[in-house]
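Some notes on the structure that comes next.
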Amino acid sequence: MTPNDVLEAKVEEELKAYEAELRKELGLEDEDINHFEKPVEHAFLRQSRETTTVLFGGLTMAHDQLIKRAVAGLGYKVDPLEVPDNEALALGKEFGNRGQCNPTYYTVGNLVKFLQNLRDNQGLSVPEIKEKYVFLTAGACGPCRFGMYEAEYRKALRDAGFEGFRVLLFEQSKGISQAAGDEEADEGGIDFNKDFFMAIIAALLVGDLLNDLGYQVRPYERKAGETDRVLEQAKKLMGDAMEKGEKLEPALKKVRALFDTIECDFTRVKPKVKITGEFWAMTTEGDGNYHMARWLESEGAQVLVEPVSTWVDYLLYIAKHDLKAAWGVPDKNGNKFSAVKAVKTYALISALKMYFRGRYDKYRKLLGMKPNALPDQKKIHKLAQQYYNIDLRGGEGHMEVGKNIYSVLEKKAHMVISVKPFGCMPSTQSDGVQSKVVNDYPECIFIPIETSGDGEVNIKSRVQMKLYEAKVRCREEFARVLEGYGFSVQQFRDYVDAHPELNGALVNLPHEEVGVASNLLHMVAKRMKAHYSRKVDKLMSVQEVEKLAREAAQAEGASCLEYETPAAEGECGDGGCPSCSDSLPGEQKDRTAAETVKASAGGCGDSCGCE
């Protein structure tokens, strides 16, 4: 035994003696203790694979659809659940314990909602449902309610009338648990082998890249809805290739050709908004985060969503970090440290990491390098280490802090939104650290929001106020570059219109500034061989920037600028416009001020920033 084992045994003996003493004082010596035991469920075995449907969900719709097609090609029957909505939230709260985070309520309620539909609308009996369906979900241990998900699923299923329904658990910290229904892998209903993992990885990578393309192109499309139409075709193309077991490279080339048909206007000045935070809350596309990404687009922003691949890359990086930190230390069972075994494990993880990132970059290249590269985990670690200890795990750990600084220093976003469930402890810790980050990086525009399924108006009003700051920052950036080259907005637009290749969806722009329009301006100026006179000390006032934005929007024919009568006292200071004047050059505002969530008390109540 190691010294630690001896110490632990002594502490355990003292605790038992103290417990016995307390029980004697309270008269509880004879009390029976019935500990909870995991219920025995009908095993999911290989022979029932053809008749059993595996339910799953929790990622974006693109990921879920591609995973379904990829795994179906291996002979499995799989079916993703719909994006959780507020009806699922209500069911989760009805059958779940109190005090859980809203991802628990949404995901648990979503499963109950699906099973109730099978029972009440499709005529399946409960025994048939338990025989024909299983649910695969993720789990983990740590300083988070995430570790309680499995128990919550079982509790809710029991109370909803589906006791004994099979829940299979994927544990990110242990790889795949033996929850496939049988401890013998050969008999399990799911073969967690190389082919299975390769199919999942391909679906994750392609899903990330398609989502990235969609969010980069959609805000600038000339024909509304064109990007979404192409995305649906792209998902079908890639799904067909995955299900048939074909190579993905030819399909990705076809996807690139599809996106090349989309005509865009990258002269539109739009702020970039990065969404980060708790994994589920920032990833879901429904009521769980108030449809945040699509709503931000409707407010005139370009959204940067976090790829699922970043999380996989983070787990591999952390595994390497932990191996180095534990060098020379015996394992948890007291076995002597083996340098050979540690080196082999480190080399294997390094190879997996290189393969994963290499595959991601290969697919990026086939899509014209338009999707963003995965962030450098080592750089994020170094940026965050003076604010947040990397060994504090749970949630995204140090990544939330590091990605915020990374977005500022690498000119990735004008604004960062951290989305997390109400009371999420890991994210709350990082939010506390962010106040120091914002103090050290005053150019950082950061806002944390907590989701609970309600309070949408308050959340969006807070985001709108920060979004206005990002819009002003974006306009200042564009005005600075415009003035540096001595161009007018009209000269800029005329040149772009005369060169159709600059309107292609997959055009690659230099990375000199944050905003797309500013980077396009650098490209145009380089083609025109214009000299950039950088005037660092001279920034345009907000009023000058607003005037520039109005002139550009008016040149495009924006209807809200036709009202030139000064506003009366107490009205919106937008020149009498019936809708708010926070439009940027090229932005089309289809909503009215009454339809916009109020950003403040008094004034016009919108995000235009008027008093």
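Predicted model only: the values in this text are computed from it and were never measured.
Formation of a donor-acceptor pair under 3.5 Å by the Y388 side chain with backbone atoms of G402 is not found in this model. Under the 3.5 Å distance criterion, the side-chain polar atoms of N211 are matched with a main-chain donor or acceptor of G207. Checked by atom type and distance alone, the side chain of R462 pairs as donor or acceptor with a backbone atom of P448 at under 3.5 Å. Not a single donor-acceptor pair under 3.5 Å links the side chain of E278 to the backbone N or O of M282. For T283 (side chain) and W280 (main-chain N/O), no donor-acceptor pair under 3.5 Å exists by modelled atom type. Side chain of K272 to main chain of M415: no donor-acceptor pair is present (N/O by atom type, distance under 3.5 Å, no hydrogens or angles). Not a single donor-acceptor pair under 3.5 Å links the side chain of E477 to the backbone N or O of S518.
Counting non-hydrogen atoms of neighbouring residues, nucleotides and ligands closer than 6.0 angstrom, the CD atom of E82 reaches no more than 12 such neighbours.
Look at K420 and D431 and you find a salt bridge, because one of the NZ, NE, NH1 or NH2 atoms lies within 4.0 Å of a carboxylate O, short of that distance. We find that R493 and D265 are joined by a salt bridge, their nearest charged nitrogen and carboxylate oxygen being less than 4.0 Å apart. Under 4.0 Å is where a charged nitrogen must lie from a carboxylate oxygen, and between E297 and R218 at least one such pair does. Of the charged side-chain nitrogens involved, at least one lies within less than 4.0 Å of a carboxylate oxygen, so that E306 and K274 count as a salt-bridged pair. Here R294 pairs with D228 in a salt bridge; the nearest charged N to carboxylate O distance falls below 4.0 Å. Between R475 and E469 there is no salt bridge, since no side-chain N of the basic residue sits under 4.0 Å from a carboxylate O of the acidic one. The pair R473-E443 fails the salt-bridge criterion, with no side-chain N (NZ, NE, NH1 or NH2) lying under 4.0 Å from an Asp/Glu carboxylate O. Salt-bridge formation is not detected for the pair R357/D361: no Lys NZ or Arg NE/NH1/NH2 atom is positioned less than 4.0 Å from an Asp or Glu carboxylate oxygen. The existence of a salt bridge linking D313 and K320 is excluded, since no basic side-chain nitrogen approaches an acidic carboxylate oxygen closer than 4.0 Å.
Here CD of E263 is found 12.5 Å from CG of D260. Values are rounded to the nearest 0.5 Å. Atoms NZ and OH, on K353 and Y314 in that order, are 11.5 Å from each other to the nearest 0.5 Å. Expressed to the nearest 0.5 Å, how far CG of D497 lies from OG1 of T267 amounts to 7.0 Å. The distance from the CD1 atom of I445 to the CD1 atom of I417 is 11.0 Å, given to the nearest 0.5 Å. Distance check: E232 CD to T227 OG1 gives 12.0 Å after rounding to the nearest 0.5 Å.
Counting only heavy atoms from C-beta outward, the side chains of K270 and K471 never approach each other to under 4.5 Å. Two residues are said to be in side-chain contact when any heavy atoms from C-beta on lie closer than 4.5 Å; P375 and T310 meet this criterion. A 4.5 Å side-chain heavy-atom check between S418 and I447 finds every atom pair outside the cut-off. Side-chain contact check for M61 versus E285: some heavy-atom pair is nearer than 4.5 Å. With contacts defined as side-chain heavy-atom distances shorter than 4.5 Å, the pair V305/D208 does not qualify. S309 is listed as a side-chain neighbour of L205, based on a closest heavy-atom distance under 4.5 Å. Taking the side chain as every heavy atom from C-beta outward, K403 and V416 never approach each other to under 4.5 Å. Residues N102 and S452 form no side-chain contact, since every pair of their non-hydrogen atoms from C-beta on lies 4.5 Å or further apart.
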Practice problem: Any chance you could lay out the side chain to side chain contact (heavy atoms under 4.5 Å, CB included) test for L392 and N389, step after step, and finish with the verdict? | Solution: CA-CA 6 Å; L392 292 177; N389 192 322; 4.0 Å; yes

Exercise. Carefully, step by step, assess K460 and E456 under the rule salt bridge (Lys or Arg N to Asp or Glu O under 4.0 Å).
Key: CA-CA 6 Å; K460 288 185 174 178; E456 181 174 0; 2.6 Å; yes

Practice problem: Begin with the C-alpha distance, continue with both residues' side-chain angles, and end with the deciding distance and a verdict on side chain to side chain contact (heavy atoms under 4.5 Å, CB included) for V269 and V516. | Solution: CA-CA 7 Å; V269 183; V516 169; over 6 Å; no

Exercise. Show your reasoning for whether side chain to side chain contact (heavy atoms under 4.5 Å, CB included) applies to L296 and I275.
Key: CA-CA 10 Å; L296 284 167; I275 297 180; 4.0 Å; yes

Exercise. Please assess H414 against V273 for the test side chain to side chain contact (heavy atoms under 4.5 Å, CB included), listing each intermediate value before the final yes or no.
Key: CA-CA 6 Å; H414 296 98; V273 179; over 6 Å; no

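Listed here is the closest heavy atom pair of V408 and C444: CG2-CB, 3.7 Å. Taking each heavy atom of P510 and N519 in turn, the nearest pair found is O-CG, 3.0 Å. Closest heavy-atom contact between Y215 and A293: OH-CB, 3.5 Å. Considering all non-hydrogen atoms of both residues, N372 and Y360 come closest at O-OH, 3.4 Å. Counting all heavy atoms, side chain and backbone alike, D376 lies closest to Y406 at N-OH, 4.0 Å. Of all heavy-atom pairs between L209 and P371, the closest is CD2-CB, 3.6 Å.
Checked by atom type, the side-chain pair Y441/N404 shows no donor-acceptor distance below 3.5 Å. Under 3.5 Å, the side chains of N289 and T284 contain no donor-acceptor pair of N or O atoms. In summary, the side chains of E299 and Q464 do present a donor paired with an acceptor at a separation below 3.5 Å, with no hydrogens or angles considered. In the model, H522 has a side-chain atom that pairs as donor or acceptor with a side-chain atom of E513 under 3.5 Å. For the 3.5 Å distance criterion, the side chains of E400 and T276 fail to qualify, holding no donor opposite an acceptor.
If you look at F266 and Y220, their ring centroids are closer than 6.0 Å. Between H398 and Y387, the distance from one ring center to the other does not fall under 6.0 angstrom.
Y106 pairs in a side-chain hydrogen bond (donor to acceptor under 3.5 Å, both in side chains) with only one of the listed residues (D287, D85, N86), which is N86.
Y317 pairs by the ring pair (Phe, Tyr, Trp, His ring centres under 6.0 Å) definition with H381, not counting sequence neighbours.
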